[in-house]
Amino acid sequence: MSNLFVRTLREDPADAEVNSHKLLVRGGYVRRVAPGIYTWLPLGLKVLRKVENIVREEMDAAGAQEMLFPALLPREPYEATNRWEEYGPNLFRLKDRRENDYLLAPTHEEMFTVAVKDMYSSYKDLPVTLYQIQTKYRDEARPRAGIIRTREFIMKDAYSFDLEDEGLAASYENMRQAYQKVFARLGLPVAICSATSGAMGGSRSEEFLFPCAIGEDTFVRSPGGYAANTEAVTTPPVPEQDYSGVAEPTQVATPNAKTIEDLVGVLNEVAPREDRAWEAGDTLKNVVVVLTHPDGERELVVIGVPGDREVDLKRVEANVSPAEVELATPEDLAKHPELVAGYIGPRVIGPNSPARTVDEDGAVSGSVRYLLDPHVAKGSAWITGADEFEAHLVNMVYGRDFKADGMIEAAEVRAGDEAPDGSGPLSIERGIEVGHIFQLGRKYAKALDLKVLDQNGKAQVVTMGSYGIGVSRVMASLAELNCDEKGLVWPTHIAPAQVHVLATGKGDEVFEAAERIAAEIEAAGFEAIVDDRRKVSAGVKFADFELLGMPYGVVVGRGLKDGIVEVRDRREVTSTEVSVDEAVATVLDLLK
């Protein structure tokens with residue numbers, strides 16, 4: 001400790017919100033350089049490398065081969081796949097001195113594809129799975145939570161290449177099992193959740209989420225085993241309803257109805273139902289959003305959801321990727337006077353608008369697109385806006401009185417909703433995404449013309465899988481999982497050292513005994529840190545032991561004169577006095 005490059009802190013960093021951020025900075029594992037950019041200090045790098053090695057060993061065991069690409073890449077391959085534009089502002093773009101375009105890679109699909117194209121030409125070369133552990137870059141708008149969401153991060157990305165879809169399915173399952181082994185070895189519990197592919201494209205997609213209250217991802221689980229990111233949850237089919245007994249729409253004045261709750265209250269007074277009171281779920285809420293497409297075009301879209309649910313913008317964005325989604329501003333609405341804020345009905349939007357036109361090529365213009373959430377069943381009757389201030393329509397039937405341009409999963413998923421597979425009611429949890437696997441298919445191979453000759457000598461487009469683990473995010477997740485109010489509590493196999501030997505006396509004999517115990521532990525194949533600082537109090541040394549989080553401690557102090565040292569278990573918060581001659585054997589027994 002006297003010459004280890006570390007400086008521990010007693011106070012939490014001002015910008016720290018979560019335990020892993022607080023403790024990794026306070027313990028001298030990482031150091032902030034700029035928002036979302038961190039230096040890995042010696043202790044942090046030791047843990048990071050151990051996480052990397054576990055990932056590497058399981059990738060190698062699964063038959064994947066490691067390589068390493070540069071992080072600085074040319075524009076052309078990403079332009080061929082449209083991701084130069086599709087990535088939008090998240091992509092770090094730059095020019096060299098000759099004005100050539102480059103990027104700092106957020107992922108390397110294109111480079112892996114080009115490498116296989118350059119090296120392989122026959123079905124006999126396949127299948128192959130390649131991977132790297134590399135630094136990645138994304139211009140995050142809001143870096144947060146220390147190394148959980150950063151602009152520079154360490155990632156393991158692997159890619160499989162197969163001739164047929166059956167081969168892709170086998171490669172995907174192979175990697176899926178390898179991931180389960182990785183997280184089991186790390187001691188990190190994960191939920192494997194169905195997910196959307198987003199800008200990555202492809203068909204099957206699953207996330208590995210570490211269940212954690214501070215996680216940015218929301219996922220659902222059912223008693224029957226269904227698990228999915230909320231963005232990927234699909235609404236069970238809603239049966240078409242018989243509207244033969246529903247009266248024609250009528251307009252009702254609704255003064256002071258600024259919210260759904262207000263609207264229901266007004267209607268129960270001025271237009272009460274005979275069978276039951278009006279409820280929020282009887283209203284159709286039309287929410288205006290803006291889709292910003294990769295080319296910068298802003299498109300207004302109206303989304304209809306039952307009034308007892310909110311629109312989940314993340315779910316919407318997952319279904320319109322690569323476009324980005326935000327709520328429309330007053331300035332956006334001002335360009336469409338037919339949209340009366342708070343009273344938007346279906347009669348002036350989508351295919352219902354009298355202003356809509358369709359040209360000879362089928363191009364639609366003149367009205368805002370209208371999409372409905374699947375909770376809105378064909379034949380169902382609704383209360384909707386009347387496109388007039390303080391007025392609503394009652395008995396508006398979907399399919400009779402209005403139509404939509406299509407359906408979109410947009411409504412929030414709630415606890416108690418039925419799982420799409422019928423396996424029971426959903427519970428909602430939060431988690432940190434630590435891994436993601438995709439069946440990419442042929443998107444990138446087609447764009448970059450990756451073909452090989454099949455058994456008949458015919459050129460075939462290769463099919464691909466993509467498999468990522470956020471290595472630095474895994475380390476943060478392990479820190480979240482393994483800590484208490486005093487500091488970190490690392491598992492033995494990823495700790496910077498397994499044993500922290502503290503010399504807490506003043507005499508030379510104390511420091512000599514501490515050094516001797518550490519040397520014997522290291523001779524047995526384990527790692528030890530010795531706190532040999534002579535002008536540091538025992539209290540500070542104990543606090544640093546608790547903060548840094550080595551699994552076991554050996555305290556050499558005043559008891560040495562009686563031949564006694566203390567062995568501490570950091571996780572169990574227990575201590576045992578043993579003779580100095582038994583100290584190493586005691587620790588080695590604990591490390592078995």
Side-chain angles (χ1 to χ4, degrees), residues 52-84 103 105-136 155-182 197 199-206 208 435-469 471:
E52 285 182 0
N53 285 337
I54 288 173
V55 173
R56 180 175 286 112
E57 288 168 7
E58 292 302 330
M59 288 296 102
D60 292 346
Q65 300 175 58
E66 185 173 9
M67 53 194 303
L68 185 64
F69 287 101
L72 178 66
L73 300 174
R75 170 178 178 165
E76 288 75 19
Y78 287 79
E79 198 165 44
T81 59
N82 295 320
R83 293 210 297 175
W84 179 263
L103 66 135
T107 60
H108 280 77
E109 283 81 3
E110 287 81 355
M111 303 313 297
F112 276 90
T113 306
V114 170
V116 174
K117 178 182 176 181
D118 290 344
M119 300 279 286
Y120 282 174
S121 59
S122 169
Y123 75 95
K124 296 177 182 178
D125 298 319
L126 303 179
V128 66
T129 299
L130 306 170
Y131 78 97
Q132 66 171 347
I133 298 176
Q134 169 65 295
T135 303
K136 311 283 187 173
M155 183 175 172
K156 187 284 303 177
D157 50 337
Y159 300 87
S160 63
F161 299 84
D162 287 272
L163 185 64
E164 304 291 348
D165 292 343
E166 294 80 6
L168 169 58
S171 295
Y172 182 94
E173 184 59 30
N174 183 40
M175 284 293 102
R176 192 178 191 269
Q177 292 180 15
Y179 273 40
Q180 291 175 283
K181 293 176 182 177
V182 165
S197 297
M200 293 285 287
S203 52
R204 188 178 178 187
S205 172
E206 291 176 292
F208 290 72
H436 204 155
I437 56 178
F438 303 83
Q439 287 190 8
L440 289 180
R442 294 174 170 82
K443 171 182 175 179
Y444 294 93
K446 282 182 179 178
L448 295 163
D449 197 32
L450 170 56
K451 298 177 181 178
V452 298
L453 297 180
D454 65 13
Q455 296 92 327
N456 301 314
K458 184 179 178 181
Q460 298 281 4
V461 177
V462 169
T463 186
M464 296 170 55
S466 173
Y467 319 95
I469 289 179
V471 177

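The figures here come from the full heavy-atom set of this structure, side chains too, leaving out hydrogens, waters and symmetry mates. Everything quoted here is computed from the prediction, not taken from an experiment.
Side-chain atoms of Asp157 do not come within 3.5 Å of backbone N or O of Ile133 as any donor-acceptor pair. Of the possible polar contacts, one joining the Tyr179 side chain to the Tyr467 backbone as a donor-acceptor pair under 3.5 Å is found. Within the 3.5 Å criterion, the main-chain N or O of Val461 finds a donor-acceptor partner in the side chain of Arg442. Looking at Gln132, its side chain does come within 3.5 Å of a backbone N or O of Phe69 through a donor-acceptor pair. One N or O on the side chain of His108 and one on the backbone of Pro70 form a donor-acceptor pair closer than 3.5 Å.
Ala459 and Lys451 make their closest contact through CB-CD, 4.1 Å (heavy atoms, listed as atom of the first residue, atom of the second, distance). The two residues Thr135 and Ala71 come nearest to each other via the heavy atoms O-CB, 4.0 Å. Nearest approach of Met175 to Ala62, heavy atoms of both residues: CE-CB, 3.6 Å. The two atoms that bring Leu126 and Asp162 nearest to each other are CD1-C, 4.0 Å, heavy atoms only. Nearest heavy atoms, Tyr172 versus Ser205: OH-C, 3.9 Å. Scanning both residues, Ala447 and Thr81, for their nearest heavy atoms gives CB-CG2, 3.7 Å.
Under the 4.5 Å side-chain criterion, counting only non-hydrogen atoms from C-beta, Gln460 is in contact with Leu163. Contact check for Leu453 versus Lys458: no side-chain heavy atoms found under the 4.5 Å cut-off. Within the 4.5 Å cutoff, side-chain heavy atoms of Tyr444 are placed close to those of Arg83. A heavy-atom distance below 4.5 Å is found between the side chains of Arg176 and Arg204. The side-chain heavy atoms of Val116 and Val462, taken from C-beta on, include no pair separated by under 4.5 Å. Inter-residue side-chain proximity for Leu450 and Phe161 is flagged as met; some heavy-atom pair is nearer than 4.5 Å. In this structure the side chain of Met67 reaches within 4.5 angstrom of the side chain of Phe112, judged on heavy atoms. Residues Met155 and Ile469 fail the side-chain proximity criterion, which asks for heavy atoms closer than 4.5 Å.
Here the CE atom belonging to Met464 is positioned 11.5 Å from the OG atom belonging to Ser171, to the nearest 0.5 angstrom. Note: Trp84 CH2 to Arg75 CZ = 5.0 Å, rounded to the nearest 0.5 Å.
Side-chain contact check for Glu206 and His436: no donor-acceptor pair (N or O, by modelled atom type) lies under 3.5 Å. Counted by atom type alone, Tyr123 and Asp125 present zero donor-acceptor pairs between their side chains at under 3.5 Å.
Between Asp454 and Lys124 no salt bridge is recorded (no basic side-chain N to carboxylate O distance below 4.0 Å).
Exactly one of Glu76, Met111, Glu110, Glu109 qualifies for a side-chain contact (heavy atoms from CB on, under 4.5 Å) with Leu448. That residue is Glu110. Of the candidates Leu130, Thr129, Val128, Thr463, Thr129 is the only one forming a side-chain contact (heavy atoms from CB on, under 4.5 Å) with Ser160.
Dense packing is recorded around CD of Glu57, with more than 12 heavy atoms of other residues, nucleotides or ligands lying under 6.0 Å away.
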